[in-house]
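No experiment lies behind these values; they were computed from the predicted model shown. Every chain is numbered from 1, with letters handed out A, B, ... down the list of sequences.
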Amino acid sequence: MNFDFEKIEKKWQNNWEKKKIFEVKEDSKKKKFYSLEMYPYPSGSGLHIGHAFNYVLGDIMARFKIMNGFNVLHPMGFDSFGLPAENAAIKAKSHPKIFTEEAIASFVKQQKALGLTYDWSRMVETHKPDYYKWDQWIFLKMFEKKLAFKKESAVNWCPKCKTVLANEQVHNGKCWRHEDTCVEIKHLEQWFLKITDYADELYEDINTLVNWPERIKIMQRNWIGKSEGTEIDFEINNKKWKIFTTRPDTIFGVTFMVISAQHPKLMEIVTSEQKKEVEKFLKKLTSTSEKDLADLEKEGVFTGSYAVNPITKEKVPVYAGNFVVADYGSGMIMAVPAHDDRDFAFAKKYGIKMKKVIIKENELIDSVSDKVEKPFPYSGKLVNSGEFTGLFSDEAKEHITKFLESKNLGKKVVNFKLRDWLVSRQRFWGTPIPIIYCDKCGIVPVPEKDLPVKLPENIKFTSERNPLIDNKGFTDVKCPKCGGKGKRETDTMDTFVNSSWYFFRYCDNKNKKEIFDKKKAKYWMPIDLYIGGAEHACMHLIYFRFYTKFLRDLGLTDLNEPAYDLFNQGMVHGEDGTVMSKSKGNVVDPLEIIKKYSADTLRIFLVSVASPDKDFSWSNTGIESMHKFVNKFINFAINIKKGNSSEKTESKLNRLIKEITEDLGEMRYNLAIIKLRQFIDFASEEKEISKKDLDKIIKLISVFCPYTAEELWSRIGNKEFISLEKWPEYDEKKINSKLEEQEKLIGSLILDVNNIIKIVGDKKKLFVYAIPNEKEVYKEAINQINKKTNLDVSVYSVSDKDKYDPENKSKKAKPQKPAVYLE
RNA sequence: GCGGGAUUGCCAGAGCGGUCAAAUGGGACAGACUCAAAAUCUGUUGGCUCAGUGCCUACAAAGGUUCGAAUCCUUUAUCCCGCACCA
């Protein structure tokens, strides 16, 4: 067989490219489908098998949709700003752009090899000024609306990345890029995006994402962390201080207060007598900050001040504590040691008194002792709570809050765990923040007409710090307001900014006048199917929702959400079942696989092992066998005689089309492939098949194996690209259930015969005794039975007088179960 | 600690109330072809019984719901993944 995969792949790649068949335009007459895989960071080590899996999943859907008449937008781009390229450049004393563009070229080459239906004319590269210009533009819009702002706060600093990180980029106290590196807490002035303004909407709209995986939604809900409670004013030194609590029903149990050690106004509370103690404590904190945060014991120190409980008017001591989060709520809490585990631990340690105010609902008030042996942090019935005694927690929460509201001492509020997004990075290879500092005018945004603020080409990585700082050509500018001396901001933006809206730019990537054309975006958006890994649940997948909502508020889109359908693919593990890693030596390189087998073999194998949302392990024998199947398919298509299809073939083919069409729509690629294989096993045994049916069969495989399909398609005499052909339709009427029924009967007969042979040993002749009306079924199948059993077959009806039946087996015959005799 | 998800035959992986001793692939074994091998094809692959439609034990473990459970519920165990002092 003359089928050189390498040549064929090149040939069709070229043909597709020359004819630009995957380039698309808006067409209001056609239904659109936006199929998107998360764009990669173009790392120097190239495309790995996980990328390949990701892209193939999306590509199969894209191809399926194209063939079903959709106008399919299937673009690809690169998240090409970022640290690895910068670090490589520092090492080689070069420019990150060089590394980045080399890496992109190699990515593109590999992606093209995979036979993907990308519209390359829409490629987006975030490190190019014509892209990041619009990052800056959005930043200015946010600045205008006070959503981009600068503030000093305690921030996460990764000593390895030498930059600050967003909350989302800190996992277990470590940097997301450096599992072995604890982040440090630094107090710095940094740029933030006010994502918290959208917290409630981001939280509530999760409910509209019906086609997102449940676990991603749960993760986002946890991350945004909406909780409803009460804000209460406590008086400290004649000033009101707010606290947030979800348990206002325990307010009679407050025996102390704790203010966060990081609270910016901590010192206002600290009395002069306690100042030394507090400062000692704070020092100790910074030295422990590098320890594993999770194991920190609850510690604190008395501030010297007392707070007045707004309801009981009791005076309770105020502590500074290490376990109170500074920027959640108001950074201060009311402590109820009898009903909270943490408060209990703290009170025990410092010998603070406790007061029981909640008991179990079924306990009697009088029978309860005042001693607190362990905290009871649940809802219950109030005791020792003045006029509220006897109420259940839920009603008490309401009544107490109303009471406070009536006295103007508190109110119902909603709080979120979500923090503002820290976007400043002290690194070179990112989007410059378009801000100029002027001694006279302060913070001045770069005027829109001056965008983009370009990264200089001519830079030197001399010291450890961001080379922008020492680049006078970059930093020294005139103030756009007063014309005086100004200095540019040298921090760049988090790369997650770039990826927060790239999917909009695909809709109109060459637009020089606007971020994108509203009409074009309206046509293509939202993303119909977004495929990527689950690791972005609380980073990219929150940010891109935030940006979409912001763009909507700018009037650039009507959408509340960028993607209503999200799919998380599983991980591809090494053959040993563990995560692929160089050190384990179990890495599979897609390029090598393509070379050894073919891109089609790789594609179809990747989606054949398991359901695409599940992790699966690479298998060398598995890909081997898939390659055999691809070859078998080719042999079948080339060698089968083109004539007429049997009724059985037609029946099976129509059922196959029906089922595969359903499976593909639901992304059950693995099941579709099984059915396709079974069909080919069957069809290979057929004498001939009609050209029309063969066409359909090749179309079915084309979504998995596009190169092979194109080649076969043209070899059997078709002119157009199969990639653009119409998906086959099935004819329900051709599905012959009678034939299917008969096949089942023959199958079970053969099973029985084999079973008997297993027991009694080899035989030569088979006599079948069917009940009269089934005789014909078996008669028609004589050849088939013979082929499968290698026996000389005779078929009788039980009522046949002249039948050969020496042991009188025929009397055992039943409907659907003929009697048999072997000799 | 909290919250998700998983647990199927030698392995991988379908199945998600009856048609299930459980698709499909890999592996293993046997057979056909061949001088032989590779490729290809066929069969077997829980146990017992047996010239077949039978019985038993089975889908992590134990209970439960049901006429009926791999499939639903409860508890337990193991594994994976997220969040971890958010008041």
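- Side-chain contact check for D613(A) and Q569(A): no donor-acceptor pair (N or O, by modelled atom type) lies under 3.5 Å.
- Using cut-offs of 30° and 60° on the angle between ring planes, the pair Y319(A) and Y350(A) is tilted.
- Electrostatic pairing of E740(A) and K652(A) does not count as a salt bridge here, judged by no charged N lying under 4.0 Å from a carboxylate O.
- Ring geometry for Y769(A) versus Y796(A): interplanar angle under 30°, hence parallel rather than tilted (30 to 60°).
- Here D615(A) lies in heavy-atom contact (under 4.0 Å) with sugar-phosphate atoms only.
- Across all strands shown, A70(B) has no partner, as no Watson-Crick or G-U wobble contact with both distances under 3.5 Å is found.
- Here I218(A) lies in heavy-atom contact (under 4.0 Å) with sugar-phosphate atoms only.
- When the P atom is compared between A32(B) and A37(B), the two are found 11 Å apart, to the nearest whole Å.
- Residue-level contact check: V753(A) touches neither bases nor backbone, having no heavy atom under 4.0 Å from any strand.
- Rounded to a whole Å, the CD1 atom of I674(A) is 6 Å from the C1' atom of A14(B).
- In the displayed structure, K349(A) atom NZ is contacted under 6.0 Å by more than 12 heavy atoms of other residues, nucleotides or ligands.
- Counting non-hydrogen atoms under 4.0 angstrom, P818(A) reaches a base of the nucleic acid.
- Counting any heavy atom pair closer than 4.0 Å across all strands shown, V820(A) reaches a base atom.
- Residue Q678(A) is classed as a sugar-phosphate contact, given heavy-atom separations below 4.0 Å to backbone atoms only.
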Hey, what are the protein-to-nucleotides 38-47 of chain B N/O distances that come in under 3.5 Å?
from   : atom 1 : to      : atom 2 : distance (Å)
C41(B) : OP1    : K632(A) : NZ     : 2.7

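- Within the nucleic acid shown, V609(A) comes within 4.0 Å of sugar-phosphate atoms alone, with no base atom in reach, counting heavy atoms only.
- Across the protein-nucleic acid pair, K298(A) atom NZ and A84(B) atom P stand 15 Å apart, rounded to whole Å.
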